[in-house]
2 protein chains.
Amino acid sequence: MKGNQTMTQNCLGTIRSSYSKFSEKEKKIADYILEKPETIIHRTINEVADDLNIADATVFRFSKRIGFKGFQAMKIALASEVITPVRSIQEEITEEDIEKNLTEKIFKLNIRSLQNTLGSIDNQSIKKAIDLIQHANRIEFYGSGLSSIIAMNASFKFMSIGMKASACMDSNLQTISASNLTKNDVAIIISHSGSNQDTITILKTINETGAKTIGITSSLNSPISLNVDIALYTSTEETENLPAGFSSQITQLALIDALCSSIIKIKKKLPQK
Amino acid sequence: MKGNQTMTQNCLGTIRSSYSKFSEKEKKIADYILEKPETIIHRTINEVADDLNIADATVFRFSKRIGFKGFQAMKIALASEVITPVRSIQEEITEEDIEKNLTEKIFKLNIRSLQNTLGSIDNQSIKKAIDLIQHANRIEFYGSGLSSIIAMNASFKFMSIGMKASACMDSNLQTISASNLTKNDVAIIISHSGSNQDTITILKTINETGAKTIGITSSLNSPISLNVDIALYTSTEETENLPAGFSSQITQLALIDALCSSIIKIKKKLPQK
DNA sequence: AATTTAGATGAAAAAAATTTTCATCATATG
DNA sequence: CATATGATGAAAATTTTTTTCATCTAAATT
């Protein structure tokens with residue numbers, strides 16, 4: 001890996017983790033970047049220095065200090081870290097373009113949902129969820145309708161990374177599975193609205209067993225969010241173009257992937273038994 | 001939206017769609033960028049010109065031609081579009097930050113995948129796919145492993161918008177279902193790699209029936225892409241943090257949602273029978 | 001308290017990279 | 001065949017980045 005030209009160093013992360021070691025001016029620069037990372041990528045080192053009333057050399061030194069070859073290299077790294085909204089330059093929409101525009105709309109909707117979810121994620125909750133999952137005897141996923149497929153999907157993924165995980169798509173089987181949980185198990189309940197009646201009923205059963213519960217919903221005040229140990233929130237927008245619940249799947253999956261990747265990381269670090 | 005400084009133009013997308021209008025040298029540059037977009041972002045305009053044995057002014061003109069202020073601006077745009085594996089030499093990441101950073105990484109990975117897929121979507125293919133689906137007698141989804149769940153997911157969605165759709169997760173049942181297709185049916189084959197052996201075998205069976213085929217893969221030169229009527233492409237990047245195929249699910253779902261939304265729109269416009 | 005030293009900073013110079021200008025060439029057009 | 005148009009490269013001009021050097025500040029040492 002060493003010296004690989006195409007690798008880009010994590011800029012924002014480095015800035016955050018080195019922040020305490022920075023000098024006064026360096027902190028000024030760090031604040032500037034952390035506050036609005038997307039502005040710096042369209043500015044020259046001079047403009048940045050002017051904005052901050054410091055010498056350009058100081059900005060340059062900052063770039064080197066956090067590990068880059070120079071200012072340019074830092075800008076490039078920032079550009080790949082920061083999410084820049086894609087400009088849409090559709091002048092005139094013709095009949096022919098209906099599919100194109102709809103496709104674009106749906107993709108952008110999903111991109112926004114992911115951005116919003118990421119922005120509103122509660123790291124403490126994520127951390128707690130990972131702790132629970134990591135120490136769980138087994139993980140069981142629950143969901144109804146479209147969410148039952150996400151549950152199935154999630155169970156496949158956790159299985160494939162070596163966890164004892166499962167999910168049933170059938171509601172009756174889910175009830176049976178729920179009643180067989182123990183204190184050492186973790187139940188992950190997925191529901192877009194957070195108020196699906198079948199799922200609420202199953203959650204009651206789960207709570208009687210003493211198993212730990214994690215909810216993934218788009219509504220923090222829903223019955224499900226209020227009755228789980230840890231409520232994770234996925235931000236989604238409704239659109240006239242799709243039935244409710246369609247687009248929340250994508251943020252749900254992203255959240256599940258994020259949990260998976262953390263578990264993978266933790267497992268790698270643990271001594272192999 | 002006009003003139004918004006923080007907006008970045010889609011570079012790869014523009015290059016692809018203007019390709020035919022390019023001159024000889026411009027095509028040379030386009031090829032260079034499309035082939036390995038991540039190299040250019042660490043090179044100067046001079047190095048690029050040298051690599052291609054052309055004048056730097058020509059490279060500069062290319063940047064302008066596709067709509068950028070200059071070479072730098074194009075580089076920045078490319079950097080945000082291209083997937084650069086993030087180097088992990090963070091000296092000391094506190095234990096606390098692991099989950100946060102990973103979650104952020106996974107979300108941004110997915111956002112980039114969606115952006116890249118959107119940027120490289122071939123509208124003609126989408127249009128044709130929608131035509132096929134719209135006029136199909138029934139739609140059958142096929143996929144193996146993780147993709148089988150996406151197939152199931154997709155069939156649920158198309159069913160819920162009133163189409164005759166189905167999918168089996170079991171590979172043997174898929175084969176049986178495949179052999180029962182007719183000329184008036186549409187088979188949608190989902191495979192991240194495009195080279196899953198089970199799925200290839202099923203595709204052969206499908207092709208014998210004369211049913212129309214739509215492939216959804218991340219590789220345009222894969223056996224599956226080359227043997228379907230319409231190949232749809234989802235751009236995804238690999239990450240060390242997740243097993244291969246995890247993140248392609250999200251772009252696959254977004255594509256399926258996009259197809260769904262177009263069908264919904266068309267159905268709304270048709271006179272109700 | 002005075003002196004030294006190390007690091008931080010800015011100003012200016014130097015170098016590098018980008019952009020513009022201009023001349024030339026090829027190709028198409030009347 | 002002459003002319004116009006657009007593409008290209010070379011070189012100049014400009015801008016941006018990087019380096020160097022001098023100064024300043026604050027901590028450490030005497």
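On the nucleic acid side, DNA chain D has its first and last nucleotide under 4.0 Å of a heavy atom of chain A at D:dT16 to D:dT20, going 5' to 3'.
Within residues 26-35 of chain A, no residue places a heavy atom under 4.0 Å from DNA chain C. DNA chain D lies under 4.0 Å from at least one heavy atom of each of the following residues of residues 53-62 of chain A: A:A57, A:F60, A:R61.
Scanning for side chain to side chain donor-acceptor pair (under 3.5 Å) contacts around B:S261 gives an empty result, with sequence neighbours left out. Annotation: side chain to side chain donor-acceptor pair (under 3.5 Å) contacts of A:S248 (sequence neighbours excluded): A:H192. Checked against side-chain contact (heavy atoms from CB on, under 4.5 Å), A:Y32 has the following partners two or more places apart in sequence or in another chain: A:T39, A:I40, A:R43, A:V48, A:D51, A:L52. With sequence neighbours left out, the salt bridge (Lys or Arg N to Asp or Glu O under 4.0 Å) criterion links B:K75 to no other residue. Not counting sequence neighbours, the partners of B:T217 by the side-chain contact (heavy atoms from CB on, under 4.5 Å) test are B:S222, B:I224, B:S225. Applying the side chain to side chain donor-acceptor pair (under 3.5 Å) test to A:Q72 and every residue at least two apart in sequence or in another chain returns B:Q72. Every residue two or more places apart in sequence or in another chain that forms a ring-ring contact (aromatic ring centres under 6.0 Å, His included) with A:F158 is listed here: A:F141.
Atom CD in B:E24 sits about 17 Å away from atom P in C:dC25, given to the nearest Å. Nucleotide C:dT19 holds its P atom 10 Å from the NZ atom of B:K75, rounded to whole Å. Rounding to whole angstrom units, NZ of residue A:K21 and P of C:dG7 are separated by 15 Å.
Counted by atom type alone, A:T117 and A:S235 present zero donor-acceptor pairs between their side chains at under 3.5 Å.
Counting only residues at least two apart or in different chains, salt bridge (Lys or Arg N to Asp or Glu O under 4.0 Å) contacts with residues 65-74 of chain B comprise B:E26-B:R65. Sorted by first and then second residue, the ring pair (Phe, Tyr, Trp, His ring centres under 6.0 Å) pairs involving residues 48-67 of chain B (not counting sequence neighbours) are B:F22-B:F62.
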